[in-house]
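Atoms considered below: every heavy atom in the structure, side chains included; atoms not considered: hydrogens, waters and symmetry mates. Numbers restart at 1 for each chain; the letters A, B, ... are given by sequence-line order, proteins then strands.
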Protein chains: 2
Amino acid sequence: MLQQRLLSRNSLQAELNRAQFRANRVLAVNVLSAPGSGKTALLEQMARLWPMGPLAVIVGDLATERDAQRLQAAGARALQICTGDLCHLDAALVSAAWGELGSDDLRLLMIENVGNLVCPAAFDLGEQLRIAILSVTEGEDKPLKYPALFKGADAVVLNKIDLAKAADFDRQLAIANLAAVAPQARLFETSARLQQGLDGLISWLIDELEH
Amino acid sequence: MLQQRLLSRNSLQAELNRAQFRANRVLAVNVLSAPGSGKTALLEQMARLWPMGPLAVIVGDLATERDAQRLQAAGARALQICTGDLCHLDAALVSAAWGELGSDDLRLLMIENVGNLVCPAAFDLGEQLRIAILSVTEGEDKPLKYPALFKGADAVVLNKIDLAKAADFDRQLAIANLAAVAPQARLFETSARLQQGLDGLISWLIDELEH
């Protein structure tokens, strides 16, 4: 019941965030994945390649400022939220961070959620799009085992494809599992480390911004 | 406050579980990691190698029975708990599962928690030992970013060492980060896929059982 009340308070704040992002012509994207899937590496490359002003990033982690520092070094306008022992970001945290970060030259806000395939799925942050990242080293079955997160994704990024062979990754099986759980999601295949496959993802985000 | 009450009810059940495990001369081990770190693959190999009767495994996942099926095929006495949207196992779930699974020929119970580096750390299951698994593809910084989980571990298993080179894994840095956050933890380095390094882990568990 407390969980219900917290969720409904969160939904209200999320709608406020969404209205504010729309009014400012900002596209906000909630990025969800397991720990170590390469979220920050992917956002570093995006910060280098993004053509419409600086990339804004809000980063959630239990502890350390290291991801925001990495992203700033890559040219992003990045702000770290240390959640302590909170296992997900919520709409109020994002609102406060955007209050500090927001400015007129920002068009795309990537919100890097806490690395967790469970809890973040239940919390709307006021984003317009959700991206789930799955790295090939995590195994083909993750969409089946964490269905809520993948069902809610507008796009899935299959990352670390440079490790597919070393990890004996079965690409067809992973894609079939994704199609079964998340038929609505676009698929991008990337290697953040080798800077491969990011152009498709960036083109899609530009299209979404201009619609 | 609800979280506090839930935790204290859980602690009580955890103490009951621990007393029952002790009375039955069973060593119970809580296995925690991110999704895709290779928990199930490691337990499959352990089930094949464990020398003191069948290996008992309780497996927690949001959805699917596949891990229990994989473990049974490897010779384990395995039981799946599907948690739905619950992001961690708790002591009551483990007690119920052990009620179904427990028998006189079982000495070692491995409890494979939900893949999550945050929430499971706060819930005592009544185990005598905790093992955290970190795969090399997740990056060297995870102990710093998820400190609570690693601080509470009696041992850390660095898994997927066969992928270390392909993933540019910095072993010295990972070990330094582990030493900073979790100096109490023993370290084992394994490749579940190539069946490497499990002998040390198994010897340690036998020692703990016999003490």
Side-chain angles (χ1 to χ4, degrees), chain A residues 1-3 5-6 33-41 59-67 70 82-88 114-122 134-151 159-160 162-168 177 181 193, chain B residues 1-3 5-6 33-41 59-67 70 82-88 114-122 134-150 159-160 162-169 177 181 193:
Chain A
M1 220 130 71
L2 178 63
Q3 169 85 347
R5 276 210 304 280
L6 285 175
S33 83
S37 68
K39 282 187 295 302
T40 312
V59 196
D61 269 307
L62 274 62
T64 82
E65 298 270 336
R66 53 195 303 132
D67 284 359
R70 282 171 59 187
C82 287
T83 63
D85 57 3
L86 190 66
C87 49
H88 58 86
V114 177
N116 183 334
L117 285 184
V118 192
C119 320
L134 174 65
S135 65
V136 301
T137 55
E138 293 164 47
E140 302 83 3
D141 60 351
K142 294 303 163 293
L144 306 178
K145 293 174 72 175
Y146 300 88
L149 190 135
F150 289 93
K151 276 184 207 296
N159 193 29
K160 303 195 190 180
D162 52 303
L163 296 179
K165 198 172 165 197
D168 273 340
N177 288 343
V181 172
R193 196 168 56 132
Chain B
M1 220 130 74
L2 179 62
Q3 170 86 347
R5 275 209 304 279
L6 286 174
S33 83
S37 68
K39 281 187 295 301
T40 312
V59 197
D61 269 307
L62 273 63
T64 82
E65 298 270 336
R66 54 196 302 132
D67 285 358
R70 281 172 60 186
C82 287
T83 63
D85 57 3
L86 190 66
C87 50
H88 58 86
V114 177
N116 182 335
L117 285 183
V118 191
C119 320
L134 174 66
S135 65
V136 302
T137 55
E138 293 165 46
E140 303 81 2
D141 59 351
K142 293 303 164 294
L144 306 178
K145 291 173 75 175
Y146 301 88
L149 190 135
F150 289 93
N159 193 29
K160 303 195 189 180
D162 53 303
L163 296 179
K165 198 173 167 196
D168 274 340
F169 180 67
N177 289 343
V181 172
R193 195 168 58 133

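For A/Ala148, no part lies under 4.5 angstrom from a heavy atom of chain B. Proximity to chain B (any heavy atom under 4.5 Å) is restricted, for A/Lys160, to the side chain, taken from C-beta onward. Both the backbone and the side chain of A/Leu62 come within contact range of chain B, with heavy atoms under 4.5 Å apart. Interface residue A/Lys145: backbone and side-chain heavy atoms are both found under 4.5 Å from chain B. Both the backbone and the side chain of A/Pro35 come within less than 4.5 Å of a heavy atom in chain B.
Between chain B and the residues A/Val118, A/Asp85, A/Leu86, the largest count of heavy-atom pairs under 4.5 Å involves A/Val118. Heavy-atom pairs under 4.5 Å with chain B were tallied for A/Gly38, A/Ala121, A/Gly115; the largest tally goes to A/Gly115. Top candidate by heavy-atom pairs under 4.5 Å with chain A, chosen from B/Leu117, B/Asp67, B/Thr137, is B/Thr137.
When all heavy atoms of B/Ser37 and B/Glu138 are compared, the closest pair comes out as CB-OE2, 3.3 Å. Heavy-atom minimum distance, A/Ser135 versus A/Gly36: OG-O, 4.4 Å. Looking at every heavy atom in both residues, A/Gly139 comes nearest to A/Leu134 through O-CD1, 4.3 Å.
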Please assess A/Asp141 against B/Thr64 for the test side chain to side chain contact (heavy atoms under 4.5 Å, CB included), listing each intermediate value before the final yes or no. CA-CA 10 Å; A/Asp141 60 351; B/Thr64 82; over 6 Å; no
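Contact of the A/Asn116 side chain with the B/Cys119 side chain is registered, since non-hydrogen atoms from C-beta on lie closer than 4.5 Å.
Taking a cutoff of 4.0 Å between a charged side-chain nitrogen and a carboxylate oxygen, A/Arg193 and B/Asp168 qualify as a salt bridge.
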